[in-house]
Amino acid sequence: MPMSLASETVKSWFSTRGWKIFPFQRQVWKAIATGQSGLLHASTGSGKTYAVWFGALLRSMAKKASKREKASLRVLWITPMRALANDTLKALEMPLAELRPAWSIATRTGDTSSAERSRQAKALPSVLITTPESLSLMLSKADAQSQFASLDMIIVDEWHELMGNKRGVQTQLAIARLRHWNPMLLTWGLSATLGNLQQAQNALLGTGQGILVQGEKSKQIKVDTLIPEHIARFPWAGHLGIQMLPAVIREIESNSTTLVFTNTRSQAEIWYQNLLNARPDWAGLIALHHGSLAKEVREWVEQGLKSGQLKAVVCTSSLDLGVDFLPVERVLQIGSARGVARLLQRAGRSGHAPGRISRVPLVPTHSLELLEAAGAKQAVALRQIEARQVPEKPLDVLVQHLVTVALGGGFRSEELYAEVKNAYSYRNLTEEEWQWALDFVARGGQSLTVYPEYRRVLPDEDGVYRVPDIALGRRHRMSIGTIVSEASVNVKFLTGGRIGTIEESFISRLQKGDHFLFGGRILEFIRFYEMTAYVKRATGSKGAVPRWQGGKMPLSSELAHAALEQLRLASNDEFKGPEMRALKPLLDIQQHWSALPTAETLLIESLHSREGYHLFMYPFGGRAVHAGLASLIAYRVAKEKANTFSFAFNDYGFELLAPEAVDWMSFFRGENGSEVALFSIDHLLEDVLASLNATELSQRRFREIARIAGLVFQGYPGQPKSNRQLQASSSLFFEVFRKHDAGNLLLTQAQTEVLEQELELVRLRNTLQELQGRRIAFTQLPRATPFAFPLMVERFREKLSTEKLSDRVGRLLRELEKAATP
DNA sequence: GACCTGCTGCGGTGTG
């Protein structure tokens, strides 16, 4: 039965406020009234606008609802962030306020008080705003089905943020469950622009039908670049960009509120400190925001933005989401934006007023970033936006879900198998895989049978699978979720205030009395006690900056290709736009000393230096692909002739360094009887696996899988286990499975995730095919070119050796001899 | 003549 809507109510509520009703709003509303699900492509406008509008829709539902319907849960709103839950509550309440208390609305997240929880355990509100994790937790309660029995509609906000990761998969499974209980359930999603909106819709709606609605027309976004004043003295390498400080200060000065986006936490710390040093009068007017700062600190900053007291905030992606509700006039992006979608997301944080242009100035941190900026401009104009890949049947998430459902009322195997297959990510789940997952939760698979704590789910006489032990259930509820973070150390003042968290490895290098920069202050390290580093404020302006181990997001294909296109134009002597004109002198040097790499020309440079024989290549495949490519090529060459290679790679290319000369051209041209086809995609998987330490990579990946699948317990809140303990137990499982349970599908999953996510195998294959079609331009360099130089200063070096020990010793001897001769 | 790369998100017990 379609939902009852009092349509006049929505219209009148809008018109009394003088608000326009857009065609897309009518479309969604009509769809809902006729019982259709769908995805709303919210390409622009703030989240707040959409929430208020949905609130008006819910208002019309409420007006029609019977008294009994009002007293039960009707609508579930899922948001990826706790902070958004509170803001959404306020926005939805605007149109709903006068209907209270008959029609109630509340949030349910980890922040919800225990009083509110027990209130909700008795009766849920009519509208509940929650997170994927809290929803899963609710599904693990024995009375889950009756709690959700009256649910009519589920709205998933920011679906683009969830669909590409395991949180999204968990959401899919939860929705499949709710839909199983109520086949008429409507599902609506809100998504930003993506390259694969249709897949986004499928992932949300599972096997169900639905429509894709185009939201408000895109607002204008203007990408431009702060051009370095003295391009000749602008660094060829580096990622900090402090040379641009004066230009950034001018931008901050001329706007009321500015968000300064940086790519890493340490970069944010350094920029904040430099801004303050240059403008001491801004103390108290500018702030710092990133994921390792304590919640209280971040909330204070968000509050300052809300009230308009802060002039600028230096941040990481921690403010990508959740500032929809804040007034921000200008957004700056320091360093590479990495992707078009990411740049648009950030651009959209500013100029929320209707009709206003969002302008994002890009701030380069090294010369070649001007090239990327020119490409970004073009890609944004053409809306060449990346797709987000939906994970394909991750079994760790399924295993967790099985235990959740067993707790939440229990399940029958066949029934749940059918339900799970209705979730998009598991549409191709085979009977064998299902049986494997079931067996894994029932007896721990082949190797853990003797341990009762891994017999988590058992069938009763009626064939209903349940969790047999209260303690097991408790432990499971404590580890619901798919986010796995590094173990970290708290940083606190001696007087008690929390500042944030940093990684164990950084703290372990500090001596008592050492200074470091964190949370925008210089701190003095006092002592370490129970996973907490105690500090006090220090004087002075210098200190080590903590580093965090973060994700290494490569440059997207879309952006890389746009940059290559700019190089093609430059090779035809077309320098359009201020970025390319500024870059011209540098590209002239590159062309003079060597050549320009383009989509048609594969530039290969070689150089002989004191370090050895260098080879440089610039496929523009992003750093993950270049890492794979470097080791693949080194492996294929070394198969022919033993040699030891060092690697360096960045988003534009890679370097191989060998102590012995290699006749590269014979390899690339397949001359001299060489049978090695370096760019061949034959035996690609085999060669990639052989060229890298695939086992070690899988083992690292397995740590996350083991935690999600519930093999490794992370400890009670407030008494976390250290990194070492967690690492030790997950590697133990890894080893046990490898030795005694080789068919364990979680091991297979670890390897697949490494290949797909860390090495980007698909993109590697595409890159190789592209390379085969490019004309090779080979140059021998007298010195490093503007493209080669950044690779030479990359400090990261990996080694692959097929060289025999005796050869190494021989080489060493020759070197010593050379050094000894005058 | 040179460089300080690595994001984000959630959730939770027991026993006084």
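Below, chains carry the letters A, B, ... as their sequence lines are ordered, and counting in each starts from 1.
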**Student:** Taking only the side-chain heavy atoms of A/R342 (C-beta and beyond), determine which of B/dG1, B/dC7, B/dC3 contains the nearest atom.
**Tutor:**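 Selected nucleotide: B/dC7.
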**Student:** Choosing from B/dG11, B/dG12, B/dG9, which nucleotide comes nearest the side chain of A/M478?
**Tutor:**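 Taking heavy atoms from C-beta onward, the closest nucleotide is B/dG12.
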**Student:** Output the rounded distance in Å from CZ (A/R349) to P (B/dC7).
**Tutor:**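 Taking atom P of B/dC7 as the reference, CZ of A/R349 is at 20 Å.
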**Student:** With a 4.0 Å cut-off on heavy atoms, is A/L137 in touch with a base, just the backbone sugar-phosphate, or nothing at all?
**Tutor:**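 Sugar-phosphate: the residue A/L137, judged by heavy atoms under 4.0 Å, touches backbone atoms but no base.
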**Student:** Pick base, sugar-phosphate or nothing for A/S136, based on heavy-atom distances below 4.0 Å to the nucleic acid.
**Tutor:**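 The residue A/S136 makes no contact with any strand.
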**Student:** Check whether any side-chain N or O of A/R298 sits under 4.0 Å from OP1 or OP2 of B/dT8, and answer yes or no.
**Tutor:**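 Answer no for this pair, as no side-chain N or O of A/R298 is under 4.0 Å from OP1 or OP2.
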**Student:** May I have the distance from A/D320 (atom CG) to B/dG6 (atom P), rounded to whole angstrom?
**Tutor:**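 For the pair A/D320 CG and B/dG6 P, the rounded distance is 18 Å.
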**Student:** Tell me whether A/W271 contacts the main-chain N or O of A/L240 through its side chain, where contact means a donor paired with an acceptor under 3.5 Å.
**Tutor:**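 Yes, because the side chain of A/W271 sits within donor-acceptor range (under 3.5 Å) of the backbone of A/L240.
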**Student:** Would you say A/R82 reaches B/dT8's phosphate, i.e. side-chain N/O to OP1/OP2 under 4.0 Å?
**Tutor:**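 So the side-chain polar atoms of A/R82 never come under 4.0 Å of the phosphate oxygens OP1 or OP2 of B/dT8.
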**Student:** Are OP1 or OP2 of B/dG9 and a side-chain N or O of A/S485 less than 4.0 angstrom apart?
**Tutor:**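 For B/dG9, OP1/OP2 do not have a side-chain N/O of A/S485 under 4.0 Å.
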**Student:** Could you tell me the separation between the OG1 atom of A/T79 and the CD1 atom of A/I129, rounded to the nearest 0.5 Å?
**Tutor:**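 Taking OG1 in A/T79 and CD1 in A/I129, the distance rounds to 8.5 Å.
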**Student:** Rounded off to whole Å, could you give me the CG-to-P distance for the A/L407 and B/dG12 pair?
**Tutor:**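 That distance rounds to 14 Å.
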**Student:** With heavy atoms under 4.0 Å as the rule, sort A/G238 into base, sugar-phosphate or nothing.
**Tutor:**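 Sugar-phosphate only.
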**Student:** Kindly point out which of B/dT8, B/dT5, B/dT13 is positioned nearest to the side chain of A/R474?
**Tutor:**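 Within the option list, the nearest is B/dT13.
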**Student:** Looking at A/K584, A/H592, A/Q590, which one forms a side-chain hydrogen bond (donor to acceptor under 3.5 Å, both in side chains) with A/D588?
**Tutor:**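 Going through A/K584, A/H592, A/Q590 one by one, the side-chain hydrogen bond (donor to acceptor under 3.5 Å, both in side chains) with A/D588 is satisfied by A/K584 alone.
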**Student:** Distance criterion of 3.5 Å, no angle test: do you see the side chain of A/T316 paired donor-to-acceptor with the base of B/dC7?
**Tutor:**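 There is none.
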**Student:** Between A/S479 and B/dG11, is there a side-chain N or O to OP1/OP2 distance below 4.0 Å?
**Tutor:**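 False: A/S479 side-chain N/O out of range (4.0 Å or more) of B/dG11 OP1/OP2.
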**Student:** Ignoring hydrogens and angles, state whether a donor on the side chain of A/Q400 or A/Q170 is under 3.5 Å from an acceptor on the partner side chain.
**Tutor:**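 The criterion, which ignores hydrogens and geometry beyond distance, is satisfied for A/Q170 and A/Q400.
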**Student:** Whole Å only: how far is the CG atom of A/N274 from the P atom of B/dC4?
**Tutor:**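 Value for this atom pair: 11 Å.
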**Student:** Within this structure, what is the CG-to-C1' distance between A/L555 and B/dG6, rounded to whole angstrom?
**Tutor:**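 Value for this atom pair: 14 Å.
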**Student:** Contact class for A/L240 (heavy atom, under 4.0 Å): base, sugar-phosphate, or nothing?
**Tutor:**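 Sugar-phosphate contact only.
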**Student:** Using a 4.0 Å heavy-atom cut-off across all strands, classify A/M81 as base, sugar-phosphate, or nothing.
**Tutor:**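 Answer is sugar-phosphate: A/M81 comes under 4.0 Å of backbone atoms only.
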**Student:** Please determine, by modelled atom types, if A/S266 and A/W548 share a side-chain donor-acceptor pair under 3.5 angstrom.
**Tutor:**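 No, no side-chain donor-acceptor contact under 3.5 Å.
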**Student:** Compare the ring of A/F789 with the six-membered ring in the base of B/dA2 and state whether they stack (centres under 5.5 Å, planes under 30°).
**Tutor:**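 A stacking contact exists, since A/F789 sits close and nearly parallel to the base ring of B/dA2.
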**Student:** Of the nucleotides B/dT13, B/dG11, B/dC4, which has the atom closest to the A/T109 side chain?
**Tutor:**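 Of all the options, the side chain of A/T109 is nearest to B/dG11.
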**Student:** So if I take every side-chain heavy atom of A/S317 and compare against B/dC4, B/dC7, B/dC10, which nucleotide ends up nearest?
**Tutor:**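 Taking heavy atoms from C-beta onward, the closest nucleotide is B/dC7.
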**Student:** Would you classify A/H366 as touching base, sugar-phosphate or nothing, given that sugar-phosphate means primed atoms plus P, OP1 and OP2, and contacts are heavy atoms under 4.0 Å?
**Tutor:**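 No contact.
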**Student:** What integer distance in Å separates A/L368:CG from B/dT5:C1'?
**Tutor:**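 Distance check: A/L368 CG to B/dT5 C1' gives 16 Å.
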**Student:** Does A/T264 reach a base, just sugar-phosphate, or nothing at all? Heavy atoms under 4.0 Å.
**Tutor:**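 Base contact - A/T264 has a heavy atom under 4.0 Å of at least one base atom.
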**Student:** In terms of side-chain heavy atoms, does A/R265 have a donor or acceptor partner in A/S292 at a distance below 3.5 Å?
**Tutor:**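 Result is yes, a qualifying pair exists.
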**Student:** Considering heavy-atom distances to DNA chain B, does A/Q243 or A/A83 have its closest nucleotide positioned more toward the 5' end?
**Tutor:**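 Closest to the 5' end, via its nearest nucleotide, is A/Q243.
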**Student:** What nucleotide among B/dC7, B/dC4, B/dG12 has an atom nearest to a side-chain atom of A/M553?
**Tutor:**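 Given the options B/dC7, B/dC4, B/dG12, the side chain of A/M553 is closest to B/dC7.
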**Student:** Which part of the nucleic acid does A/S134 contact within heavy-atom distance under 4.0 Å: base, sugar-phosphate only, or nothing?
**Tutor:**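 Sugar-phosphate, backbone atoms only, no base.
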**Student:** Contact class for A/Q549 vs. all strands (heavy atom < 4.0 Å): base, sugar-phosphate, or nothing?
**Tutor:**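 Sugar-phosphate, no base atom in range.
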**Student:** Report which part of the nucleic acid A/R117 touches: base, sugar-phosphate, or nothing (heavy-atom distance under 4.0 Å, all strands).
**Tutor:**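 Answer is sugar-phosphate: A/R117 comes under 4.0 Å of backbone atoms only.
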**Student:** For B/dT8, does OP1 or OP2 lie under 4.0 Å from any side-chain N or O of A/R265?
**Tutor:**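 So the side chain of A/R265 is within the cut-off, an N or O lying under 4.0 Å from OP1 or OP2 of B/dT8.
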**Student:** Side chain of A/T131, heavy atoms from C-beta onward: which of B/dC7, B/dG11, B/dG14 has the nearest atom to it?
**Tutor:**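 Nucleotide nearest to A/T131's side chain: B/dG11.
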**Student:** Hey, are A/E605 and A/H614 close enough side-chain-wise for a donor-acceptor pair under 3.5 Å?
**Tutor:**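 On atom types as modelled, these side chains do not qualify, holding no pair under 3.5 Å.
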**Student:** Atom CD of A/E133 and atom P of B/dG12: how far apart are they, to the nearest Å?
**Tutor:**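 Result: 10 Å.
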**Student:** Indicate whether OP1 or OP2 belonging to B/dC10 is found under 4.0 Å from a side-chain N or O atom of A/R167.
**Tutor:**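 For B/dC10, OP1/OP2 do not have a side-chain N/O of A/R167 under 4.0 Å.
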**Student:** With a 4.0 Å cut-off on heavy atoms, is A/N263 in touch with a base, just the backbone sugar-phosphate, or nothing at all?
**Tutor:**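 Sugar-phosphate contact only.
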**Student:** Find the distance A/R388:CZ to B/dG9:C1' and express it as a whole number of Å.
**Tutor:**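 After rounding, the gap between these two atoms is 12 Å.
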**Student:** At what distance, to the nearest 0.5 angstrom, does CZ of A/F261 lie from CD of A/Q345?
**Tutor:**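 Separation between the atoms: 8.0 Å.
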